[in-house]
Amino acid sequence: MKILTIIGARPQFIKAAAVSRVIQSQQHLDEILVHTGQHFDANMSAVFFDELNIPEPKYNLDISGGSHGEQTGKMLIKIEEVLLKENPDLVLVYGDTNSTLAAALAAVKLHIPLAHVEAGLRSFNKKMPEEINRILTDHSSDILFTPTAAAIKNLQNEGIDNSKILNVGDVMLDATNYYGTKAEEHSSILTDLKLTPKGYILVTVHRAENTDSLTRLKSIFDSLEKLSSDHNLVIPVHPRTMKSLKAIDFSRERSKIKFISPVGYLDMMMLEKYSKTIITDSGGVQKEAYFHKVPCVTLRDETEWTELVVNGWNFLANSDNLFESFSKAQKIKFSDVDNIYGDGDAAFKIVDKLLQYPTSI
Ligand code: UD1
Ligand code: UDP
C-alpha cells in the first residue's frame, strides 16, 4: 500500500515522526513524504528531520508565507500535481495547518482516500485559521483518528459517521515517551543556558490571535516582563513572534527575559520537563506540559484540549489576568486520571488501521 504523507509545519514533523517510525517497520506499507515548505528555517524544519530520523521528503514544494488564501491555494495546486503523479492508495495528514487543509482538498477532489490524525478538535472559534482547517479536513476524511473523547463527541455532533472514527489517543504522547529518553541522553540545553531544574518558567507565544494584534502582543510581553522581575523566563521565539516583536520595537537586550531561537525537539522536551511552570499559546506545548506534569497557563480565550482545563491542570489567561492564573497554576496537584490521551501507542493503532484499509471501513 502506498501512503502519501503531507506535512509542512513544526508540530506536524513531530507527529509524523511518531507514525513514520512505525510505518517504516511494516513491509506492506510504503510511505512517500511531501514537505509543503510552510516552515523552512533550519531550526523550524531540518532539525526535526535530523533529530527524529524522519525520512527525507521526496518532494519539497517550497511554499511559505503569503496570505492564507495564497499559501493554501499554491499548496493545493502543487499537491494535486504530486498526487496525480504518485497515485497513492491513501493520503495521510496531521493537525490543522494550511498544509493540512491544502492536502485534504487535493486528495478529496481526486477521490483519493484521506486519513486525518488529530481529528475532531474544536475551539468553536471560527476566527482561528486552524478551526476552519480542521472542520474542512475532518469533513473530507475517510478515516478520522481522534486523540480524545471530546474529539469523538465533536465529530458525532457534526454528523460524521461513527464507522469513520477511530479513537487512538494522542500521537504526541507517543513522541514524548519515545524521544523523552533520548532527550535526557542527548540534550545539554539546561547547562548551555545555565538553567537550574525547576528554576525557570518556559514561555512560547506564536498564535496569530496573539501576534497579529500588536497591541495584544505588547500587553502580553509587558505582563511577561513584569513576571520576569521575580522569575527566570525563557522563550524560544517563533519567527512569526520575532517579526511582531520587531514591529513593536520590543527591546530584547534590555529585557530580563531570556530570548532564544527556536530549539529542536529534544532540547524542547528538556526545557519543558524541568520548567516550574509553562506559559504558552501552543496546542502541542499545553499537552506536553501535562505529560511532564508541569503546571500550565495558556494564553488563549479557549482551548481544544478542554480536558486539561476541566481537570484543573491548565488555566486559560490573557495579559490582564496572567498573574492570577499563574498563581493558581502554582497550586496545581496532578491527580491520576487514566489515559485521557490514550496509552502512548497511537501510532501503532493508526498503522494497524491503515494496514486493514479499505476492508475495515
Ligand atoms: C502555523 C500554523 C499554526 C501552527 C504553527 C506551528 C497555519 C494557519 N498556522 O502557524 O496552526 O500552530 O504553524 O508553529 O497553518 N516563518 C519563517 N520561518 C519559518 C516558518 C515561518 O520565517 O521557518 C514565517 C513565515 O514566513 C510567516 C510567519 O513566520 O511570515 C508565519 O508562518 P506560517 O507558517 O504562515 O504560520 P505560523 O504562525 O507558523
Ligand atoms: N517545539 C520545539 N521547539 C520550540 C518550540 C516548540 O520543538 O522551540 C515543539 C513542542 O515541543 C511541540 C511542538 O513544537 O511538540 C508544538 O509546535 P507549535 O507550538 O509550533 O505548534 P502548535 O502545537 O501550537 O500547533
Side-chain angles (χ1 to χ4, degrees), residues 1 3-6 11-12 15-16 18-19 22-23 26 28-29 31 88-97 100-126 128 130-175 283-284 287 290 302-311 337-361:
M1 178 182 196
I3 297 172
L4 196 129
T5 297
I6 302 174
Q12 294 170 323
K15 292 165 198 172
V19 179
V22 182
I23 292 180
Q26 295 296 328
H28 300 294
L29 296 180
E31 184 180 39
D89 297 303
L90 181 130
V91 167
L92 183 59
V93 296
Y94 294 84
D96 54 18
T97 71
T100 316
L101 175 62
L105 290 177
V108 74
K109 281 173 178 284
L110 290 174
H111 305 163
I112 300 172
L114 176 68
H116 184 206
V117 176
E118 214 178 63
L121 296 182
R122 296 290 181 269
S123 63
F124 301 101
N125 173 3
K126 283 200 179 156
M128 268 185 95
E130 293 85 357
E131 185 74 352
I132 307 299
N133 293 346
R134 292 176 194 127
I135 294 172
L136 296 179
T137 301
D138 284 340
H139 285 262
S140 306
S141 293
D142 301 282
I143 314 178
L144 296 96
F145 294 114
T146 50
T148 59
I152 304 177
K153 212 162 172 201
N154 291 335
L155 294 176
Q156 289 170 338
N157 288 344
E158 289 174 18
I160 289 185
D161 201 292
N162 263 325
S163 64
K164 291 184 178 179
I165 305 170
L166 184 67
N167 197 35
V168 291
D170 193 338
V171 287
M172 293 195 85
L173 177 57
D174 300 26
K287 276 173 301 155
Y290 166 71
E302 73 277 307
T303 177
E304 304 75 32
W305 305 102
T306 46
E307 51 290 322
L308 296 175
V309 174
V310 169
N311 284 299
V337 173
D338 274 346
N339 305 342
I340 49 170
Y341 293 110
D343 303 320
D345 60 357
F348 289 98
K349 288 178 174 148
I350 289 168
V351 171
D352 246 16
K353 183 77 175 175
L354 296 181
L355 280 167
Q356 296 160 37
Y357 188 82
T359 48
S360 62
I361 296 289

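We're numbering straight along the sequence, starting at 1.
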With the side chain counted from C-beta on, respond yes when [X] and [Y] share a heavy-atom pair under 4.5 Å apart, and no when they do not.
| X | Y | answer |
| --- | --- | --- |
| Leu354 | Phe145 | yes |
| Ile143 | Leu90 | yes |
| Met128 | Glu304 | yes |

For [X] and [Y], which heavy atoms make the closest approach, and how far apart are they?
| X | Y | answer |
| --- | --- | --- |
| Ala18 | Ala347 | O-CB, 3.4 Å |
| Gly169 | Ala346 | O-CB, 3.6 Å |
| Asp345 | Val168 | OD1-O, 4.4 Å |
| Tyr357 | Pro113 | OH-CB, 3.0 Å |

Sole candidate of Leu114, Asn133, Val117, Leu101 that passes side chain to side chain contact (heavy atoms under 4.5 Å, CB included) when paired with Val93: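 The single option meeting the side chain to side chain contact (heavy atoms under 4.5 Å, CB included) with Val93 is Leu114.
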Please name the residue in the list Val22, Asp89, Ile23 that meets the side chain to side chain contact (heavy atoms under 4.5 Å, CB included) test with Leu29.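 Of all the options given, the one that passes is Ile23.
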If the threshold is 4.0 Å, N to carboxylate O, is there a salt bridge linking [X] and [Y]?
| X | Y | result |
| --- | --- | --- |
| Asp174 | Lys349 | no |
| Glu118 | Lys15 | yes |
| Lys287 | Asp170 | yes |

Output the distance between atom [atom1] ([X]) and atom [atom2] ([Y]), rounded to the nearest 0.5 Å.
| X | Y | atom1 | atom2 | answer |
| --- | --- | --- | --- | --- |
| Tyr341 | Glu307 | OH | CD | 3.5 Å |
| Glu131 | Phe124 | CD | CZ | 7.0 Å |
| Leu155 | Thr146 | CG | OG1 | 7.0 Å |
| Ile160 | His139 | CD1 | NE2 | 4.0 Å |
| Asn125 | Glu302 | CG | CD | 4.5 Å |
| Asn157 | Ile152 | CG | CD1 | 11.5 Å |

May I ask you to check whether Tyr290 and Trp305 place their ring centres under 6.0 Å from each other?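 When the ring centroids of Trp305 and Tyr290 are compared, they turn out to be at least 6.0 Å apart.
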Under a 3.5 Å cutoff, is there a donor and acceptor pairing between the side chains of Gln12 and Thr97?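 Thr97 and Gln12 do have a side-chain donor-acceptor pair below 3.5 Å.
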Exactly one of Thr100, Asp138, Asp142 should register a side chain to side chain donor-acceptor pair (under 3.5 Å) with His116. Which one does?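 Of the listed options, the one satisfying the test is Asp138.
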